[in-house]
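Every heavy atom of this structure was used, including side-chain atoms; hydrogens, water molecules and symmetry mates were not.
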Amino acid sequence: MNPLRIGNFSGFYGDRSAALREMLTGGEVDVLTGDYLAELTMLILARDRLKDPSAGYARTFPRQLEDCLGLARERGVRIVTNAGGLDPAGLAGEIRRLADRLGIPVRVAHVEGDDLTAAHPGTLAAHAYLGGFGIAECLRAGADVVVTGRVTDAALVTGPAAAHFGWRPDDHDALAGAVVAGHVLECGTQATGGNYAFFTEGDVRRPGFPLAEIHADGSSVITKHPGTGGFVDVGTVTAQLLYETGGARYAGPDVTARLDTVRLGPEGPDRVRIEGVRGEAPPPTLKVGLNRLGGFRNEVVFVLTGLGIEAKAALVREQLADALAKSPPREVRWELVRTDRADADTEETASALLRLVVRDPDQRVVGRALSGAAVELALASYPGFHVLAPPGKGAPYGVFEEVYVPYVGAAHVAVLHDGRRIPVPPPQETRPLAAVPDPPLPEPLPPGPTRRAPLGLVVGARSGDKGGNANVGVWARSEDAWRWLAHTLTADAFRRLIPESRDLPVTRHLLPNLRAVNFVVEGILGAGVAAQARFDPQAKALGEWLRSRHLDIPEALL
């Protein structure tokens, strides 16, 4: 049987609008997937729905589809997307109206059952992460376009693959292979050189979007359309495999994929084979993402220029102490960012930033009273006083939490293009998650001379967020570098290099097949990205900070 060619045209809500046309015209493809949802996106859509009950899905997708629906129909390409967000039925209806207006005969189906908001009072949105078998039912019944709400990102690939190859829920190895391919595709150009540690090794000015050639046994080849920008190699695929993962078991409602079994290998220019992936029965419960308002947040950034930076910062803090004491916010955070340089040749490089962030359930506490007190310092504080932007009245922020419920708590249903409703049963076999014992370490490198140098000279890294936790995947590009990395970059060494993590739980997971270590730092992001608890609220650059840190590296690796 020929492989199924599944491409991606969106990695997030706001991705390149031209990508759908590029993927349809750039080469052969059978199915195109669009991933629009993230933890923060669900909150954004929920807040949109508060203002407009007809909102709740990704408004950009119908605009993309208007330009490309006829082309997709002509080429026989099916489209599967989670752009339905909080209202997949609403988006499916809009697509049908669009198709009627354009005179294009298109069969549109959607998947329901993820919305559990009513069962979780006090949340703006509570949605279960469904698997791919609802998508598969829609495709088997002949749908040209399938719209979902909150499914796992990989479900956009497992669903079409299961429909095409006839996989059953107990085909764990094949499903696990598709999950791994789906995880590589889900963030679009992050698999083709985007956000890549070694980005200078190719032309990444406009990376092409990735596609996977999936085989009946679940193995795949990751590639891209010929002539498109960026590049695909073992490194780009490794980086994306490590993104937003934890230990060796990568759990989902279709299957638990064993990341420690993944084998990668080059198969020609811009082609990387993924094989050997083993799967296990999924866990006995279903993940649900809860989004709620956490309160209100306000921020003032003072610019401190020239001499006496510490003294100027101390003065501002003393001057605002009274305003903060009158009605104390629940959380007050000061941060001095020393971006200044001595004897700088521009004013900007002579300046540091003092950031004040306050949070409270009451908007008045973080609002005008604080803003007014900050603005009143304009002519009465340190020399050179100014702020990056006038403070406002305080804005709402969100909090993300994940809980787990029995599968029967979510009525997973495929709503076919002809209106029939097909219930999707929960998995018959499940397996509780348990940590995989650490594999044995490789032989250490023999002793030799070392040099103090940045870690990133010998390893790559990619980092991301999962709720309030961050993960940092670090991989070596040679066997000798792996032998050194596995012995050197322990959890304690990570804490020393990343001081923010020193008082937090840090877990290290070894993945020898990928020559990688993956760190999970619990709580470093507070209540998640929407809470904006730190400078880099999604930990996107945490891996690059780690790579910039210096330690003693064997000269043989440099």
Side-chain angles (χ1 to χ4, degrees), residues 294-397 454 470 496-504 524-527 529-542 544-550:
F296 295 86
R297 178 185 184 278
N298 207 350
E299 177 177 329
V300 190
V301 182
F302 302 90
V303 182
L304 316 175
T305 305
L307 304 177
I309 296 294
E310 299 282 353
K312 290 171 180 173
L315 175 59
V316 175
R317 294 185 63 159
E318 290 177 14
Q319 289 179 306
L320 283 178
D322 287 344
L324 294 173
K326 288 177 183 175
S327 184
R330 177 174 293 180
E331 181 182 345
V332 178
R333 181 171 178 173
W334 290 94
E335 186 176 14
L336 178 59
V337 183
R338 296 301 300 265
T339 53
D340 55 302
R341 303 180 206 158
D343 195 22
D345 56 5
T346 67
E347 182 178 334
E348 189 171 3
T349 56
S351 301
L353 301 177
L354 177 64
R355 179 180 289 109
L356 167 62
V357 177
V358 292
R359 291 185 178 83
D360 197 85
D362 188 341
Q363 186 175 18
R364 293 169 298 179
V365 172
V366 301
R368 295 299 182 189
L370 176 65
S371 301
V375 171
E376 287 170 8
L377 297 180
L379 304 179
S381 189
Y382 60 86
F385 180 99
H386 64 287
V387 297
L388 286 184
K393 61 182 180 180
Y397 69 89
R496 289 193 298 271
L497 294 170
I498 304 295
E500 282 184 73
S501 70
R502 284 179 181 167
D503 298 322
L504 299 173
I524 194 170
L525 304 179
V529 55
Q532 299 183 41
R534 68 188 295 273
F535 168 68
D536 173 17
Q538 288 181 280
K540 296 290 191 182
L542 189 58
E544 286 301 290
W545 178 22
L546 178 66
R547 292 181 70 237
S548 74
R549 298 292 305 208
H550 289 221

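At least one donor-acceptor pair under 3.5 Å links the side chain of N298 to the backbone N or O of G392. Of the possible donor and acceptor atoms, none in the side chain of D360 sits under 3.5 Å from a partner among the backbone N and O of V365. One N or O on the side chain of K312 and one on the backbone of L307 form a donor-acceptor pair closer than 3.5 Å. Between the side chain of Q363 and the main chain of F296, no donor-acceptor pair closer than 3.5 Å is present. Here the side chain of R502 pairs a donor or acceptor atom with the backbone of R496 at under 3.5 angstrom.
In this structure, CG on L353 lies 9.0 Å from CG on D340, to the nearest 0.5 angstrom. Remark: R341 CZ to S351 OG distance equals 11.0 Å, nearest 0.5 Å. From I524, atom CD1 reaches atom CG of D503 across 11.0 Å, with rounding to the nearest 0.5 Å.
A search for side-chain contact (heavy atoms from CB on, under 4.5 Å) contacts involving P328 returns nothing, not counting sequence neighbours.
L356 is not listed as a side-chain neighbour of V316, based on a closest heavy-atom distance of 4.5 Å or more. Between Y382 and L354 there is no side-chain heavy-atom pair separated by less than 4.5 Å. Using a 4.5 Å heavy-atom threshold, the side chains of R330 and R359 count as separate. F302 places a side-chain heavy atom less than 4.5 Å from the side chain of L320.
Using a 4.0 Å cut-off between charged nitrogen and carboxylate oxygen, R297 and E299 count as a salt-bridge pair.
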